[in-house]
Amino acid sequence: MAEAASIPQRGSVLFRIVALASALALGACQSVVPRGPAPIKRPPVSRPAQTGPAPIDQGIPADTARHRIALLVPMSGANAGVGQSLNNATQLALLDTRNERIRITTYDTAALGAAGAAQRAIAEGNRLILGPLLAEDVKAVAPIAKRADVPVVSFSNDASAAGNGAYLMGYVPGQSIARVVDYARGQGISAFAGLVPNGLYGERASTSFLRSVEGAGGQVVTLQTYDRATGSIAAAVSRMARNSPYQAVLIADGGNNAAAAVPLLRRGGGASAKVLGTELWNSDSSVTAKPALNGAWFASVPDTLYRQYAAKYRARFGTAPFRLSSLGYDAVLLAVRIARDWPLDTRFPEDRLHDRGGFGGIDGAFRFGRDNIAERALEVQEIRGGTTVTVSPAPGGFAK
């Protein structure tokens with residue numbers, strides 16, 4: 001476990017970002033990140049002899065001046081880099097908000113197990129859990145936290161993990177697909193094609209794509225799937241050509257596979273089709289460097305505040321943050337805002353998470369729907385000349 005800093009730091013560049021993020025709410029790569037200096041070893045302290053039973057060490061001492069919040073992330077193992085980046089982000093958020101009413105303790109889900117981390121966090125008096133990162137860990141933590149009336153604000157984007165007291169802050173693919181389809185439809189595109197990988201992600205992307213196109217008044221003229229075998233994408237593109245022409249094609253995959261598919265599409269039935277991407281491109285910094293994707297559209301959380309955050313993060317920790325570390329920062333902003341009216345030593349007011357006016361953060365405005373999944377205000381970006389250009393800005397908030 002690690003205690004996150006809660007000492008105010010004046011002169012913070014990102015404090016201005018926090019103020020702007022708060023105004024957004026209506027009403028209401030793989031690198032090792034420094035873990036800080038090693039703890040100072042002190043000589044043992046002599047204690048008077050005790051005649052009765054030894055007191056039980058409860059772990060972390062009681063804190064009567066601050067709210068106890070747990071951060072459950074992997075601090076060791078394969079995902080340690082992501083976990084450390086999320087941990088660092090929460091520290092920055094506490095510093096930038098100059099908040100003295102919240103105390104965050106980090107629990108290593110890789111070392112303790114997700115269930116074990118949750119049990120320890122609850123036993124030590126935490127009233128809100130931020131994390132875990134992975135959907136399977138959220139599913140393990142949720143029932144434990146639910147029994148203790150402790151809400152879970154996780155970083156997963158797997159809709160199946162939402163509910164039962166668990167909330168999802170991750171970027172859900174269906175939302176990004178709906179946003180880019182709506183934009184394309186507004187640009188006069190009515191005939192769509194889809195190219196999606198086999199597997200759970202592809203199934204969900206396909207369902208969202210079909211619903212989004214239908215809802216926007218367009219038509220899906222062809223939808224083809226592929227697997228990871230050599231030649232599978234080429235075969236799928238060949239099948240698509242039988243139903244050409246189409247005006248736009250969604251490639252529900254990361255930048256590498258999307259860039260590999262575009263030349264095949266150009267030689268097939270999609271010579272002039274606009275390429276559409278998903279939320280996977282939001283966290284893939286390589287997409288702008290792929291000439292095949294020049295001119296493509298994809299929906300994303302706004303990047304303006306994230307770039308400022310990333311600069312501040314690099315200056316403090318000496319390395320670039322993981323893109324989704326902003327979820328940790330924004331989760332703290334959410335907790336800070338709710339903590340203004342949260343009496344000390346009481347349960348977290350879970351109903352406040354359903355504020356229809358939403359919350360603001362580095363990643364723009366968001367709110368939790370009835371399904372406990374974060375609905376986000378997304379922008380549409382176009383890859384252009386090695387960078388991205390916003391062609392449709394994100395709305396600043398939500399109508400209640």
Side-chain angles (χ1 to χ4, degrees), residues 1-21 29-41 69-100 102-111 117 130-134 155 169-171 255 281-289 300-336 361-364 386-388:
M1 297 177 295
E3 288 290 339
S6 58
I7 302 174
Q9 183 186 69
R10 303 192 178 277
S12 170
V13 174
L14 268 185
F15 186 72
R16 298 193 297 273
I17 297 177
V18 173
L20 178 56
C29 289
Q30 178 76 270
S31 53
V32 178
V33 183
R35 298 176 183 266
I40 298 173
K41 293 184 178 179
I69 295 177
L71 175 68
L72 271 59
V73 290
M75 299 293 285
S76 57
N79 293 314
V82 182
Q84 184 67 57
S85 196
L86 283 161
N87 178 67
N88 291 344
T90 62
Q91 292 183 43
L92 279 181
L94 285 179
L95 292 169
D96 291 340
T97 57
R98 304 177 183 180
N99 188 273
E100 297 180 337
I102 287 178
R103 176 181 182 177
I104 296 180
T105 306
T106 300
Y107 298 82
D108 184 356
T109 54
L130 306 182
L133 174 64
L134 304 177
F155 307 127
M169 286 193 68
Y171 316 126
W281 296 13
N282 180 54
S283 56
D284 186 348
S285 59
S286 71
V287 294
T288 57
S300 167
V301 292
D303 278 339
T304 302
L305 293 181
Y306 177 80
R307 286 192 287 268
Q308 297 178 48
Y309 155 79
K312 172 69 179 293
Y313 184 106
R314 284 192 296 270
R316 184 169 186 83
F317 298 106
T319 188
F322 281 78
R323 179 61 183 86
L324 58 73
S325 69
S326 59
L327 297 178
Y329 192 102
D330 285 355
V332 173
L333 292 188
L334 178 154
V336 166
I362 289 174
D363 288 335
T387 187
T388 57

Quiz item: For the residue pair T109 and P74, what are the closest heavy atoms and their distance?
Solution: OG1-N, 3.2 Å
Self-check item: Donor-acceptor contact below 3.5 Å, side chain S85 vs main chain G81
Solution: no
Quiz item: Is any side-chain heavy atom of K312 less than 4.5 Å from a side-chain heavy atom of L92?
Solution: yes
Quiz item: Which heavy atom of T90 sits nearest a heavy atom of G328, and at what distance?
Solution: CG2-O, 3.7 Å
Exercise. Give a yes or no on whether the backbone of V82 and the side-chain of N79 come within a donor-acceptor separation of less than 3.5 Å.
Key: no
Exercise. Say whether, by atom type as modelled, one donor and one acceptor occur between the side chain of D284 and the main chain of G255 under 3.5 angstrom.
Key: yes
Quiz item: S76 and A110: which non-hydrogen atoms are nearest, and at how many Å?
Solution: O-CB, 3.2 Å
Exercise. Could you give me the CA-CA distance, side-chain angles and deciding distance for L130 and L72, then say whether side-chain contact (heavy atoms from CB on, under 4.5 Å) is met?
Key: CA-CA 6 Å; L130 306 182; L72 271 59; over 6 Å; no
Self-check item: Worked verdict on L86 versus L324 for side-chain contact (heavy atoms from CB on, under 4.5 Å)
Solution: CA-CA 8 Å; L86 283 161; L324 58 73; 4.2 Å; yes
Practice problem: Using a 4.5 Å cut-off on heavy atoms from C-beta on, say whether the side chain of L134 contacts that of F155. | Solution: no
Quiz prompt | Distance-minimising heavy-atom pair for S326 and Y306 | solution = CB-CD1, 4.0 Å
Quiz item: Is the closest side-chain heavy-atom distance between S325 and Y309 below 4.5 Å?
Solution: yes
Quiz prompt | Distance in Å, I362 CD1 paired with L333 CG, rounded so as to fall on 0.5 Å steps | solution = 6.5 Å
Quiz prompt | Counterpart residues, salt bridge (charged side-chain N to carboxylate O under 4.0 Å, His left out), relative to D303 (two or more places apart) | solution = R323
Quiz item: So, does D330 use its side chain to make a donor-acceptor pair with the main chain of D363 at under 3.5 Å?
Solution: yes
